[in-house]
Undergrad: 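Please find one structure pasted underneath; my questions will follow.
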Amino acid sequence: MCYQSRAMHSTVRVASLKDHVGATVTLRGWLYNKRASKKLVFLELRDGSGIVQAIASLADIGEAKFAEADHLAQETSLSVTGEVRAHPKQPGVFEIAVKTFDVIGAVAGEYPITPKDHGTDFLMDHRHLWLRSKRQNAILKVRHEIIKAIRDYFDGHDFTLVDAPIFTPNACEGTSTLFETDYHGDKAYLTQSGQLYSEAAAMSLGKVYCFGPTFRAEKSKTRRHLAEFWMVEPEVAFMDLEGDMALAEDFLVSVVGRVLDKRREELKILERDTSHLERVQGPFPRVLYEDAIGVLQRAWDARKAAGTLVTQPDGTVERRPEFGDDFGADEETVISSAYDRPVIVHRYPASLKAFYFKRDPADARLALGMDVLAPEGYGEIIGGGQREDDLATLEAGIAAHKLPREAFEWYLDLRRYGSVPHAGFGLGVERTVAWTCGLPHVRETIPFPRMLNRLGP
RNA sequence: UCCGGCUUAGCUCAGUCGGUAGAGCAGGCGGCUGUUAACCGCCGGGUCGCUGGUUCAAGUCCAGCAGCCGGAGCCA
């Protein structure tokens, strides 16, 4: 599509320059960087699709235009017209020999973000401008590709998208701290999960997913936490835990494969070692929770023998892991680092899981839950399992968790009227983007992160 | 909430033994036909987070507070 007005030349984007070699074209974008000598100015122009070097020569554009080019400030928006030609030194790279240019929007004062280093807090304060950088541009594109791959996967496997509400009348699982809002005089909470609603929808459509923002008010300050994050939650009627794990595996292989297929260039900008991603192929190892505890116990035993157990400031020594313990970030890393691809841990103690998990018929201590742990220490990116489909057991679970029964009556209706076995999971988009891009922190994976100490910009 | 670290120019940082403030980048001016976070020269730029204390003297030592970062817990 062409948005041009007066120019006689076709207006193109940087990414398509290879199709216009020898032609005179017009590009519109922002000045990313500039290098100048007495008779040449090198203007690096970015337009979202890429960055191109435009060479303004004194001999070609005249003294007045040359002086103007020489004084252009970083991030000035420009329309540049010139001839497309091959870069004399870099094969496969194209540049523009400037014939003329016009300033669209000048820069008032100094642009805060220079080509040199900045600290994270400063950059986050200028997140609205930071998004223009090469690196953030690449992350946004990978995020987009992941979201599109997620939708394409489910849409291509007969799932129906069913949006869950953001305002909820109760704390769904009764575990997390939720954001409370005033809802016309009543208390309402921002959703922490669309799962219960997905279960209702699955009883209508069979295979559904919801995809939207979720909110957690916990005062978590780690590289894996956001107050607002996006989650996709498929839910499938007549599916059991084994089917759930198979779905999660096939789905993850598909999503990672798509990024490798479509976003090589962006992963290269991010300096991601893609060999880690190439190994994301089925089957993923499946590890029983109890066996994972065994692995942690052996690691503890080895550290004890080596005398490297951690002593807390209050004098207590690191305890030997045992059945019933949940996994922290360190434990997840120990388990996942034993494998070169995502690992599925399943059949957790029921005491660690929410009320809606189905008990393992073979072992009443266990819940039919599973987590997918990403490699390289990225931790849990998927959590899910088979849901309790028996009315009486679910009622007992709600009572045992001391949850307000009346708030779940609609949910219990799903078990009263033609209950079926069903299962699903939730995938955290930002953790998946962080892992795929090899980022140290989830804060760069979302355009405008909301964290414990950040609500703006 | 708990533990640890950091806070000096617009930005990123250095600042020794306590002795009165430095560099690079950014900005301005100048130089250079092919530069790649270009380079070279010159110029302007400071409430050393805040409050208090020790001292003849505090960016530097001590205490409290604030902000930020990392981790724990909880989770995706």
Side-chain angles (χ1 to χ4, degrees), chain A residues 32-44 51-60 66 70-71 73-75 85 87-90 93 95 97 107 109-126 129-130 133-135 173 175-178 192-195 213-233 248 310 312-314 318 325-332 352-354 371-374 378-384 425-435 440-443 445-446 451-454:
Chain A
Y32 190 73
N33 200 0
K34 182 188 73 183
R35 292 172 290 276
S37 62
K38 189 168 189 176
K39 295 179 180 173
L40 288 177
V41 177
F42 299 89
L43 304 170
E44 276 195 279
I51 296 178
V52 67
Q53 172 169 278
I55 298 95
S57 159
L58 175 60
D60 291 346
F66 186 83
D70 197 19
H71 287 86
Q74 186 188 355
E75 288 302 316
R85 63 189 187 196
H87 193 292
K89 294 180 184 173
Q90 295 170 267
V93 175
E95 60 179 26
V107 167
E110 291 174 28
Y111 186 68
I113 301 177
T114 71
K116 292 280 181 176
D117 289 335
H118 297 282
T120 307
D121 194 47
F122 174 84
L123 289 169
M124 274 298 173
D125 282 341
H126 298 82
L129 302 175
W130 188 20
S133 77
K134 208 180 282 186
R135 193 180 156 78
E173 304 175 21
T175 51
S176 299
T177 314
L178 303 190
Q192 64 165 335
S193 163
Q195 181 207 312
T214 52
F215 307 87
R216 303 285 167 89
E218 272 116 8
K219 298 193 185 303
S220 297
K221 250 173 79 170
T222 79
R223 63 180 66 199
R224 299 177 307 283
H225 288 86
L226 294 168
E228 177 184 308
F229 64 97
W230 284 66
M231 187 154 67
V232 59
E233 294 172 282
V310 176
Q312 298 298 316
D314 62 8
E318 192 185 351
D325 289 352
D326 208 350
F327 300 146
D330 289 347
E331 288 77 23
E332 286 181 353
L352 295 179
K353 292 293 176 181
D371 289 343
V372 179
L373 308 182
Y378 280 92
E380 183 184 349
I381 54 172
I382 283 178
F425 62 81
L427 170 111
V429 169
E430 287 72 21
R431 287 187 181 178
T432 304
V433 175
W435 164 51
H441 198 299
V442 292
R443 65 189 159 205
T445 66
I446 188 166
M451 297 180 287
L452 183 56
N453 293 315
R454 179 169 295 281

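Order of the sequence lines fixes the chain letters, A, B, ..., with proteins taken first and strands second; residue numbering starts at 1 for each chain.
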Undergrad: Give me the atom names and distance for the closest heavy-atom approach of A/A248 to A/I382.
TA: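 Taking every non-hydrogen atom into account, CB-CD1, 4.1 Å.
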Undergrad: Checking all strands, does A/F42 fall into the base, sugar-phosphate, or nothing category for heavy-atom contacts under 4.0 angstrom?
TA: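 Base, at least one base heavy atom under 4.0 Å.
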Undergrad: Roughly how many Å is it from NZ in A/K219 to P in B/G70, rounded to a whole number?
TA: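 Going from NZ in A/K219 over to P in B/G70 covers 17 Å.
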Undergrad: Hey, is the main chain of A/F42 close enough, under 3.5 Å, to the side chain of A/K34 for a donor-acceptor pair?
TA: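 Such a contact is absent between A/K34 side chain and A/F42 backbone.
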Undergrad: Categorize A/E233 for me: base, sugar-phosphate, or nothing, with a 4.0 angstrom heavy-atom threshold over every strand shown.
TA: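 No contact.
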Undergrad: Could you check whether the side chain of A/T114 and the base of B/C25 have a donor-acceptor pair of N or O atoms closer than 3.5 Å, going by distance alone?
TA: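 No such pair is found, so the answer is no.
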Undergrad: Using whole Å, what does the distance between atom C1' of nucleotide B/G34 and atom CG of A/D60 come to?
TA: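 Between C1' of B/G34 and CG of A/D60: 14 Å.
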Undergrad: Determine the contact category for A/R454: base if any of its heavy atoms lies under 4.0 Å from a base atom, sugar-phosphate if only primed atoms, P, OP1 or OP2 are that close, otherwise nothing.
TA: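 Here A/R454 touches no strand at all.
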Undergrad: Can you tell me the Watson-Crick or wobble partner of B/U7, both distances under 3.5 angstrom?
TA: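 Answer to the pairing question: B/A66, which forms a Watson-Crick or G-U pair with B/U7.
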Undergrad: In whole angstrom, give the distance that lies between atom NZ of A/K38 and atom C1' of B/G30.
TA: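 To the nearest whole Å, that distance equals 10 Å.
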Undergrad: Considering every strand and a 4.0 Å limit on heavy-atom distances, what is the contact class for A/A36: base, sugar-phosphate, or nothing?
TA: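 Base contact.
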Undergrad: Could you check whether A/L226 gets within reach of a base, just the sugar-phosphate, or nothing at all, counting any heavy atom under 4.0 Å?
TA: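 Base contact - A/L226 has a heavy atom under 4.0 Å of at least one base atom.
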Undergrad: How close or far is atom P of B/A76 from atom CD1 of A/I446, stated in whole angstroms?
TA: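 Spelled out: CD1 on A/I446 to P on B/A76 is 16 Å.
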Undergrad: If you compare every side-chain N and O of A/N33 against the phosphate oxygens of B/A38 (OP1, OP2), does one of them come in below 4.0 Å?
TA: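 So the side chain of A/N33 is within the cut-off, an N or O lying under 4.0 Å from OP1 or OP2 of B/A38.
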Undergrad: Does A/V41 form a side-chain contact (heavy atoms from CB on, under 4.5 Å) with A/I55? I'd like the steps, not just the answer.
TA: CA-CA 6 Å; A/V41 177; A/I55 298 95; over 6 Å; no
Undergrad: A/R135 near the nucleic acid: base, sugar-phosphate alone, or nothing, with a heavy-atom cut-off under 4.0 Å?
TA: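 It contacts nothing in the nucleic acid.
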Undergrad: Using a 4.0 Å heavy-atom cut-off across all strands, classify A/Q53 as base, sugar-phosphate, or nothing.
TA: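 The answer is base, as A/Q53 lies within the cut-off (heavy atoms under 4.0 Å) of a base atom.
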Undergrad: Within the structure shown, what part of the strands sits under 4.0 Å from A/L40 by heavy-atom distance: base, sugar-phosphate, or nothing?
TA: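 Base contact - A/L40 has a heavy atom under 4.0 Å of at least one base atom.
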Undergrad: How is A/Q90 classified with respect to the nucleic acid when contacts are heavy atoms under 4.0 Å: base, sugar-phosphate, or nothing?
TA: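 If one applies the 4.0 Å heavy-atom cut-off, A/Q90 turns out to touch a base.
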Undergrad: Would you say a side-chain N or O of A/R224 is under 4.0 Å from OP1 or OP2 of B/A72?
TA: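 Yes, such a contact exists.
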Undergrad: What about A/R223, does its side chain sit under 3.5 Å from the base of B/C69 through a donor-acceptor pair?
TA: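 For A/R223, whose side chain was compared with the base of B/C69, there is no donor-acceptor pair (under 3.5 Å).
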Undergrad: OP1 or OP2 of B/G70 versus the side-chain N and O atoms of A/H441: is any pair under 4.0 Å?
TA: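 Checking A/H441 against B/G70: at least one side-chain N or O falls below 4.0 Å of OP1 or OP2.
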Undergrad: To the nearest Å, how far apart are A/I55 CD1 and B/U35 C1'?
TA: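 Interatomic distance, CD1 of A/I55 to C1' of B/U35: 9 Å.
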Undergrad: To the closest 0.5 Å, what do you measure between CZ (A/F229) and CD (A/Q192)?
TA: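 If we round to the nearest 0.5 Å, A/F229:CZ and A/Q192:CD are 8.5 Å apart.
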Undergrad: Nearest whole angstrom, please: distance from the C1' of B/A72 to the NZ of A/K221.
TA: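 These atoms are roughly 12 Å apart.
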Undergrad: Find the partner of B/C56: check Watson-Crick (N1-N3 plus N6-O4 or O6-N4) and G-U wobble (N1-O2, O6-N3) distances, both under 3.5 Å, and reply none if neither fits.
TA: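 Because both required distances fall under 3.5 Å, B/C56 counts as paired with B/G19.
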Undergrad: CD of A/E331 versus C1' of B/A72: gap in Å, rounded?
TA: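 In whole Å, B/A72 C1' and A/E331 CD are 11 Å from each other.
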Undergrad: Please report the distance, rounded to the nearest Å, between CG in A/D70 and C1' in B/C39.
TA: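 Distance, rounded to whole Å: 15 Å.
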Undergrad: Given that A/G119 and A/H87 both sit by RNA chain B, which one's nearest nucleotide is further toward the 5' end?
TA: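 Here A/G119 is the residue nearer the 5' end.
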Undergrad: Taking the C1' atom in each of B/G22 and B/G59, what is the distance between them to the nearest angstrom?
TA: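 Straight-line distance between the two C1' atoms is 12 Å.
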Undergrad: Does the side-chain ring of A/F229 lie flat on the base of B/A76, meaning centres under 5.5 Å and planes less than 30 degrees apart?
TA: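 Here A/F229 meets both the 5.5 Å and the 30° conditions.
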Undergrad: Return the pairing partner of B/C2 with a 3.5 Å limit on both distances, Watson-Crick or G-U wobble; otherwise return none.
TA: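 The base-pairing partner of B/C2, which may sit in any strand shown, is B/G71.
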Undergrad: Is it the case that the base of B/C75 and the side chain of A/H225 share a donor-acceptor contact (distance under 3.5 Å, atom types as modelled)?
TA: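 Such a pair exists between side chain and base.
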Undergrad: Which whole number of Å gives the distance between the P atom of B/C17 and that of B/G64?
TA: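 These two P atoms come out 24 Å apart once rounded.
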